[in-house]
Each structure stands twice: as structure tokens, then as C-alpha cells.
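First the structure, in the form of C-alpha cells, and then the observations on it.
In what follows, chains are A, B, ... by sequence order, proteins preceding strands, each numbered from 1.
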There are 2 protein chains.
Amino acid sequence: MAPEPGRSERICCAPVADHALSAGEAHDLAAVLAALADPVRLRIFSIIASQEEICSCNLEEPLDKSQPTISHHTRKLAAAGLIVGEKRGRWTWWRAVPEQLVALGTALSLAEPVEG
Amino acid sequence: MAPEPGRSERICCAPVADHALSAGEAHDLAAVLAALADPVRLRIFSIIASQEEICSCNLEEPLDKSQPTISHHTRKLAAAGLIVGEKRGRWTWWRAVPEQLVALGTALSLAEPVEG
DNA sequence: CCATTGGATTGACATCCATCGATGTATTGA
DNA sequence: TCAATACATCGATGGATGTCAATCCAATGG
């Protein structure tokens, strides 16, 4: 389901404010942040994450977006490792990946208050 | 220094995965995420946040970007409430706003593991 | 085998955005 | 007053992105 299954989008453990990020670190972290930096994707993710699992057919109506648009956004969220989809019968069921979200929160957290 | 000083970009305490975000909540949160969803801005922020304070003149060289580009990015980070600038003499000194980063991390963290 | 349905893909379009050269503005120092 | 400097702003440009209509594909059910 994910377009790039082998691609490692795992976020490293280093908090943003701990040291100056390298170009590579910034690139990887920005990719995951970009996946959430859209109101529609953020709502899609919150709907998926706040439930056990949900199929795409239940996303169009509350978000008032077309089916291709929903498909486009779920694809991006999956590519970022934030959700995973499983095709059962005719429907695709989406689940959130809590580990990736927690890793993102950790990466953004201050290691310790900047000593002033 | 911040282009929209009165604009409230403060992130609410509600984690993304706790409930389905409203359009307004998603809009506000996505705006802050978008500010960090760029490799150059992420590196700028990490440089600023990992030091006490720093002036813009020390950002161009390590990032290999032009002065207008750096100014453009610092403006966006400031608009998102992630950094604040203070003009002292000829230089503008930038400091990170830890509260906003912590608030972002909180908003993204899982409130509690989804009960299966 | 065929109609239906969930949903991915394609193509097109409009918009946003990162980037930089050129220029403007304010401050410093001579 | 004038040159130099730090930085903001403007205008242009190329690339990325959100959106949807049209289409294609796969699975279901008759």
C-alpha cells in the first residue's frame, strides 16, 4: 500500500533543539513534518488515529473532499510512515502508526531547557 | 519583528490523536507544522535553538543560502511563533521560543495508547 | 459474464512557495 | 555628509502541491 515500503522515514532520536541539524537530518525530518503540514491531511490523520481503524469510504464525507483527493492524501501519510493501509475485500482499512507520531514528538521536544 | 504580533498561533493542548480535529484546529496546527516542514527552516531553527542567541549574519554561511532567502525563512519562523528577533544596533538577534516547540510536541503526542 | 463499487492513477490546472538579483532602509563609523 | 554594513522588501522564476474530472483496475454479487 505504501508507495515506498523500504524507504526509511524513521525519525532519529535527536531533538531539534539539541544540535544543529545536518542537511540530511533536516531533509528526513522535514519530509515527515510536511506530511502533517496540511489541514486536510491533519484531519485525516486525526480521524484515523482517534479510531481503531477506518476505511477510506468514511473519509470523504466528513472532510468534503473528492475521492481522488482523499486517496492522494492517504498516500502521502502512508509514505511518511504515519499510517498503514490493509486491503481487506473491497475496502482499504487504515490504521495510525503511533510509534512514528511519538518519534516525531520526541524529535521536536527540547532535550532540556536552554540554560540561560 | 514578527509580521503578525497579535495573531494567536498558540497551539491548543489537545493531542492530534485524541479526537478528530475541526477545520479550524487543523488550520492552526498545520500552519505551525508548515513553518518547520522545510529543510532550510528546520536547520535555521535548530541552529538558533541550540544556542543562546544568534544574528542572521551567522546563518548564511553554514546554510549556503542567500541573504534574502535567510530573511524570508526567519520571517516565517517568527510568524509561527517559533523564534523571536530583537534588533540591537546593527544586528538582529534571534532566540528560540521553547514554549511553542514544547506545545507542538505535546499536540502531536499520543494522549494514551489507543485501547485495542 | 456483466454490472456495481471501492479506490488508485492520470492529466490538467491553479496556486503556493523557495530562491535569488536588485533595490530600499536604517545604523554605524569615519 | 558619505561610505559601509545588516537586513528587509520587491519582482521574477522555476518547481512543488492541492484539487478534481476522467479513467482504469480489482473485487463483489447477480
Euclidean distance, atom CD1 of residue A/Ile70 to atom P of C/dA8 [Å, nearest integer]: 11 Å
Length of the CZ-P vector between B/Arg75 and C/dA18, whole Å: 13 Å
Identify all pairs in which a protein N or O lies below 3.5 Å from an N or O of nucleotides 1-5 of chain D, and state each distance.
{"residue": "D/dT5", "atom": "O4'", "partner": "B/Arg90", "partner atom": "NH1", "Å": "3.2"}

Contacts of type salt bridge (Lys or Arg N to Asp or Glu O under 4.0 Å), residue A/Glu60, not counting sequence neighbours: none
Sequence neighbours excluded - disulfide bond (SG atoms under 2.5 Å apart) pairs with any residue from residues 64-102 of chain B: none
Could you go through nucleotides 17-24 of chain D and list every protein N or O atom that sits under 3.5 Å from one of its N or O atoms, giving the distance for each pair?
{"residue": "D/dG18", "atom": "OP1", "partner": "A/Arg41", "partner atom": "NH1", "Å": "3.1"}
{"residue": "D/dG18", "atom": "OP1", "partner": "A/Arg41", "partner atom": "NH2", "Å": "2.8"}
{"residue": "D/dG18", "atom": "OP2", "partner": "A/His72", "partner atom": "NE2", "Å": "3.1"}
{"residue": "D/dG18", "atom": "OP2", "partner": "A/Lys76", "partner atom": "NZ", "Å": "3.4"}
{"residue": "D/dT19", "atom": "OP1", "partner": "A/Lys65", "partner atom": "NZ", "Å": "3.2"}
{"residue": "D/dT19", "atom": "OP2", "partner": "A/His73", "partner atom": "NE2", "Å": "2.5"}
{"residue": "D/dC20", "atom": "OP2", "partner": "A/Ser66", "partner atom": "N", "Å": "3.1"}
{"residue": "D/dC20", "atom": "OP2", "partner": "A/Ser66", "partner atom": "OG", "Å": "3.0"}
{"residue": "D/dC20", "atom": "OP2", "partner": "A/Thr69", "partner atom": "OG1", "Å": "2.8"}

Pair listing, disulfide bond (SG atoms under 2.5 Å apart) test, anchored in residues 68-109 of chain A, at least two apart: none
Those residues that, when tested against B/Arg90, pass side chain to side chain contact (heavy atoms under 4.5 Å, CB included) (two or more places apart): none
Length of the line joining B/Trp94:CH2 and D/dC7:P, which is rounded to integer Å: 9 Å
Spacing of A/Lys87 atom NZ relative to C/dG6 atom P, expressed in whole Å: 11 Å
Test item: A/Ser71 side-chain N/O and A/Pro68 main-chain N/O as donor-acceptor pair under 3.5 Å: no
Closest to side chain of B/Cys55, choosing from D/dC7, C/dG6, C/dA8: D/dC7
Nearest-Å distance for atom pair CD1/C1', residues B/Ile54 and D/dA6: 15 Å
